[in-house]
Amino acid sequence: QVQLVESGGGLVQAGGSLRLSCAASTRTFSNYAMGWFRQAPGKEREFVAAISRSGVTTRYADSVKGRFTISRDNGKNTVYLQMNSLKPEDSAGYYCAAREGGYYTTYTDGYDDWGQGTQVTASS
């Protein structure tokens with residue numbers, strides 16, 4: 001089991017940017033595919049972005065493609081989500097998730113460990 005701690009959320013105006021970080025407490029971070037998900041009040045948790053164990057391959061939800069970038073630093077046990085051109089509809093709690101071994105997935109039940117989340121609000 002790996003503990004995940006997100007940071008970097010906050011309140012920004014629409015069109016602004018935020019960078020989320022997720023620090024993992026494991027010595028084998030490179031064994032984990034990582035994902036970012038978000039959940040708005042009254043809605044289901046949805047996939048945002050994912051990255052392979054090596055960081056070479058990424059995938060994005062259509063709603064964030066071209067605006068968000070996922071990356072990782074295996075030396076720092078950290079995965080990032082750079083969010084640009086934020087829209088009010090991006091407002092949600094953002095959660096990082098870890099999947100040991102294998103490839104990333106866009107499904108929430110494909111991940112073994114989750115962080116507590118960080119709130120992102122983009123005001124219009």
Side-chain angles (χ1 to χ4, degrees):
Q1 184 177 7
V2 58
Q3 291 186 329
L4 304 170
V5 179
E6 302 97 335
S7 61
L11 172 65
V12 296
Q13 289 189 334
S17 299
L18 283 173
R19 188 194 195 202
L20 305 184
S21 299
C22 173
S25 63
T26 175
R27 296 181 180 179
T28 58
F29 183 62
S30 60
N31 287 350
Y32 291 83
M34 301 296 294
W36 283 99
F37 291 76
R38 67 187 181 187
Q39 187 169 19
K43 295 188 177 181
E44 292 187 354
R45 191 166 295 189
E46 65 175 5
F47 170 75
V48 175
I51 190 166
S52 62
R53 290 176 288 168
S54 67
V56 170
T57 308
T58 59
R59 183 168 178 179
Y60 298 92
D62 288 344
S63 59
V64 307
K65 202 171 295 183
R67 300 187 297 121
F68 291 12
T69 302
I70 188 172
S71 61
R72 67 189 295 162
D73 185 336
N74 286 347
K76 295 183 178 180
N77 291 0
T78 302
V79 62
Y80 305 97
L81 185 68
Q82 177 67 45
M83 305 185 295
N84 299 328
S85 302
L86 281 161
K87 305 175 181 179
E89 52 264 43
D90 294 319
S91 299
Y94 281 72
Y95 300 84
C96 70
R99 173 185 170 96
E100 188 173 13
Y103 211 60
Y104 58 68
T105 176
T106 63
Y107 298 99
T108 57
D109 58 5
Y111 290 87
D112 306 302
D113 299 290
W114 292 82
Q116 293 299 307
T118 185
Q119 181 66 35
V120 170
T121 304
S123 62
S124 58

Indicate the atoms forming the closest heavy-atom contact of [X] with [Y], along with that distance.
{"X": "Ala49", "Y": "Leu81", "result": "CB-CD1, 4.2 Å"}
{"X": "Leu86", "Y": "Ala122", "result": "CB-CB, 4.0 Å"}
{"X": "Leu4", "Y": "Ala98", "result": "CD1-N, 3.8 Å"}

Donor-acceptor contacts under 3.5 Å from residues 50-62 side chains, at least two apart:
unit_1	atom_1	unit_2	atom_2	d
Ser52	OG	Gly55	N	3.4
Ser52	OG	Val56	N	3.4
Ser52	OG	Thr57	N	3.1
Ser52	OG	Thr57	O	3.4
Arg53	NE	Gly102	O	3.2
Ser54	OG	Val56	N	3.3
Tyr60	OH	Ile70	N	2.9
Asp62	OD1	Lys65	NZ	3.2

Of all residues at least two apart in sequence or in a different chain, which pass the side chain to side chain contact (heavy atoms under 4.5 Å, CB included) check with [X]?
{"X": "Val120", "answer": "Leu18, Leu20, Met83, Tyr94"}
{"X": "Ser124", "answer": "Pro88"}
{"X": "Ser7", "answer": "Ser21"}

Quick one: which residue pairs count as a salt bridge (charged side-chain N to carboxylate O under 4.0 Å, His left out) with a foot in [range], not counting sequence neighbours?
{"range": "residues 30-46", "answer": "Arg38-Glu46, Arg38-Asp90"}
{"range": "residues 109-124", "answer": "none"}
{"range": "residues 95-108", "answer": "none"}

Practice prompt. Provide the full list of side-chain hydrogen bond (donor to acceptor under 3.5 Å, both in side chains) pairs with a residue in residues 75-85, sequence neighbours left out, each pair given once.
Written response: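 Applying side-chain hydrogen bond (donor to acceptor under 3.5 Å, both in side chains) to every pair that reaches into residues 75-85, excluding sequence neighbours, yields Ser17-Asn84, Gln82-Asn84.
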Fill in: Contacts of type side chain to side chain donor-acceptor pair (under 3.5 Å), residue Arg19, not counting sequence neighbours
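Side chain to side chain donor-acceptor pair (under 3.5 Å) list for Arg19, sorted by chain: empty.
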Item to complete: Name all residues meeting the side chain to side chain donor-acceptor pair (under 3.5 Å) criterion together with Thr28; count only those two or more places apart in sequence or in a different chain, and write none if there are none.
Response: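 Only Thr26 meet the side chain to side chain donor-acceptor pair (under 3.5 Å) criterion with Thr28.
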Fill in: Phe37: hydrophobic cluster co-members (side-chain, 4.5 Å)
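So far as hydrophobic clustering goes, Phe37 is joined with Phe47, Tyr95, Tyr103, Tyr104, Tyr111, Trp114.
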Practice prompt. Could you tell me which residues satisfy ring pair (Phe, Tyr, Trp, His ring centres under 6.0 Å) with Phe29, sequence neighbours excluded, listed by chain and number?
Written response: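 Here no residue qualifies.
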Worksheet item: Got a second to check how far Ser25's OG is from Gln1's CD, nearest 0.5 Å?
Response: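 Rounded to the nearest 0.5 Å, the OG-CD separation comes to 8.5 Å.
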Discussion item. More than 12 heavy atoms of other residues, nucleotides or ligands under 6.0 Å from CD of Gln116: yes or no?
Written reply: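 Counting neighbours around CD of Gln116, 12 or fewer heavy atoms of other residues, nucleotides or ligands fall under 6.0 Å, so no.
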